[in-house]
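Report on the following structure.
In what follows, every chain begins at residue 1, and chains take the letters A, B, ... in the order their sequences are listed. Because the structure is predicted, anything quoted here is derived from the model rather than measured.
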Amino acid sequence: MNLVIPTPKEFSFKRTVLSHGWCELPPFHFDPQKWVLSRVVAVEGEAPIEVAIAQKGASIDVAISGKIGKKQSTALAQSIRYMLRLDESFNDFYALVSDDPDFSWIPAQGAGRLLRAPTVFEDLVKMICTTNCSWALTSKMVGVLVSTLGEPSKRGRRTFPTPQAMSKMPERFYRDKVGAGYRSGYLKELADMVASNEIDVEGWLKSDLPTSELKKEIKRVKGAGDYVAENILKLLGRYDGLALDSWVRGKFSKMHAKGRAVTDKKIARHYSRFGPWVGLALWCDMTRDWMGEAGTVEI
DNA sequence: GCGTCCAGGTCTACC
DNA sequence: GGTAGACCTGGACGC
């Protein structure tokens with residue numbers, strides 16, 4: 001069966017899927033030939049469901065493995081809207097950059113939506129797995145988590161593990177099997193805290209805290225420093241952090257400083273005119289060349 | 001094949 | 001508040 005989900009006028013499926021590296025990390029799978037993003041999604045009261053998401057005109061077409069009830073299909077559609085950020089308004093951001101010659105391409109291409117997982121927990125675990133290592137190691141860590149602790153769909157593909165599933169495993173598992181090294185204790189502690197309701201990471205989505213306070217809350221999680229916290233904030237819809245890492249610093253240096261080393265303060269100054277949208281403006285600038293002006297893939 | 005060096009972000013201890 | 005060293009893995013490099 002299929003679901004058809006209408007999208008906002010300025011929405012770009014391609015820019016959203018390729019907004020950052022998440023589409024390459026399980027349980028996401030991206031087929032660049034067919035332009036289909038697939039994954040297994042946990043839906044309450046059902047076995048995990050495989051979905052294949054593609055653009056169809058002004059809508060999103062979601063092919064579902066098997067049949068599901070109305071209640072489940074409503075929940076599934078909501079989950080997909082969340083991942084693709086279809087309910088988030090970028091009008092203020094687009095208005096801010098539309099007259100800027102270096103940034104007016106963003107509204108023109110419908111860029112700015114950063115793909116996210118169905119849960120904050122999944123995004124947070126993955127973000128910790130990106131720290132202080134290569135992308136290959138991140139892929140390996142996430143791949144092992146999904147393949148060993150994820151719940152299988154009827155076809156055998158797996159979800160991202162729940163906090164409870166991760167909490168049941170000893171720290172040794174993360175060290176020996178996942179290859180998480182010194183991050184093992186962080187992953188175990190995070191899973192324990194979420195599974196025991198000691199921390200409500202999903203609640204961050206509706207938090208009334210100012211961003212600076214919410215950032216402190218996120219940094220209470222061991223393994224989450226400025227980089228992790230500011231990236232998670234972006235996925236929560238708060239873009240006033242830069243989330244600088246070595247790749248961004250290097251890319252900024254090539255794009256704006258002829259390859260010379262630049263300070264973080266200089267990077268911050270470069271985008272300061274974008275105020276609360278500074279982090280999104282930076283990320284769009286850094287990833288502008290991931291696709292051509294006409295929306296063709298160039299990576 | 002083996003050993004060494006380095007990159008990557010965060011934590012802890014210390015000043 | 002700022003800084004140094006440790007943490008762990010994989011890739012690059014030299015022998």
Checklist entry - Touch check for A/A224, heavy atoms < 4.0 angstrom, all strands: base, sugar-phosphate only, or nothing? => result sugar-phosphate
Item to check | Polar side chain donor-acceptor pair, A/Q109 to A/S12, under 3.5 angstrom | outcome: no
Item to check | Derivation of the salt bridge (charged side-chain N to carboxylate O under 4.0 Å, His left out) call for A/K251 and A/D285 | outcome: CA-CA 10 Å; A/K251 186 76 184 276; A/D285 194 30; over 6 Å; no
Next on the checklist: What is the distance, to the nearest angstrom, from the CG atom on A/N132 to the P atom on C/dG11?
Outcome noted: 15 Å
Checklist entry - Would you say A/S246 reaches B/dG8's phosphate, i.e. side-chain N/O to OP1/OP2 under 4.0 Å? => result yes
Item to check | Residue met sooner reading DNA chain C from 5', once A/A136 and A/R175 are mapped to nucleotides | outcome: A/R175
Checklist entry - What's the CE-C1' distance between A/M141 and B/dG8, to the nearest Å? => result 11 Å
Item to check | Residue A/Y186, side-chain heavy atoms: nucleotide from B/dC11, B/dG9, C/dT9 that is nearest | outcome: B/dC11
Next on the checklist: For a quick check of understanding: with a heavy-atom distance under 4.0 Å over all strands, which category does A/V221 fall into, base, sugar-phosphate or nothing?
Outcome noted: sugar-phosphate
Checklist outcome for this item: To the nearest angstrom, the CG-P distance between A/L187 and C/dC7 comes to 18 Å
Checklist entry - Rounded to the nearest Å, what distance is computed from the CG atom of residue A/D226 to the C1' atom of nucleotide C/dG2? => result 13 Å
Checklist entry - Quick one: are the ring centres of A/F103 and A/F274 less than 6.0 Å apart? => result yes
Checklist entry - Quick one: A/W247 CH2 to B/dG9 P, roughly how many Å, whole number? => result 12 Å
Checklist entry - Does the side chain of A/K222 come within less than 4.5 Å of A/L190's, by heavy atoms? => result no
Checklist entry - Rounding to a whole Å, what distance do you find between A/R220:CZ and B/dT10:P? => result 18 Å
Checklist outcome for this item: Double-helix bend of the helix from B/dG1-C/dC15 to B/dC15-C/dG1, axes at both ends from 5 pairs, round to 10°, gives 30°
Checklist entry - Between A/R183 and B/dT10, is there a side-chain N or O to OP1/OP2 distance below 4.0 Å? => result no
Item to check | Nucleotide nearest A/Y227 when distance is taken to its side chain, options C/dT9, C/dG11, B/dG9 | outcome: B/dG9
Checklist entry - Would you say A/K222 reaches B/dT12's phosphate, i.e. side-chain N/O to OP1/OP2 under 4.0 Å? => result yes
Next on the checklist: Using a 6.0 Å cut-off, check whether atom CG of A/D99 has over 12 heavy atoms from anything other than its own residue.
Outcome noted: no
Checklist entry - Parallel, tilted or perpendicular: which fits the ring planes of A/W283 and A/H20, with parallel below 30° and perpendicular above 60°? => result perpendicular
Checklist entry - Can you find an N or O donor on one side and an acceptor on the other, under 3.5 Å apart, linking the side chain of A/Y182 with the base of B/dG9? => result yes
Checklist entry - Whole Å only: how far is the CD atom of A/E189 from the P atom of B/dT12? => result 9 Å
Next on the checklist: Can you see whether A/Y82 has A/R116 sitting over its ring - NZ or CZ less than 6.0 Å from the centre and within 45° of the normal?
Outcome noted: yes
Checklist entry - Just how far, in rounded Å, is P of C/dC8 from OH of A/Y174? => result 17 Å
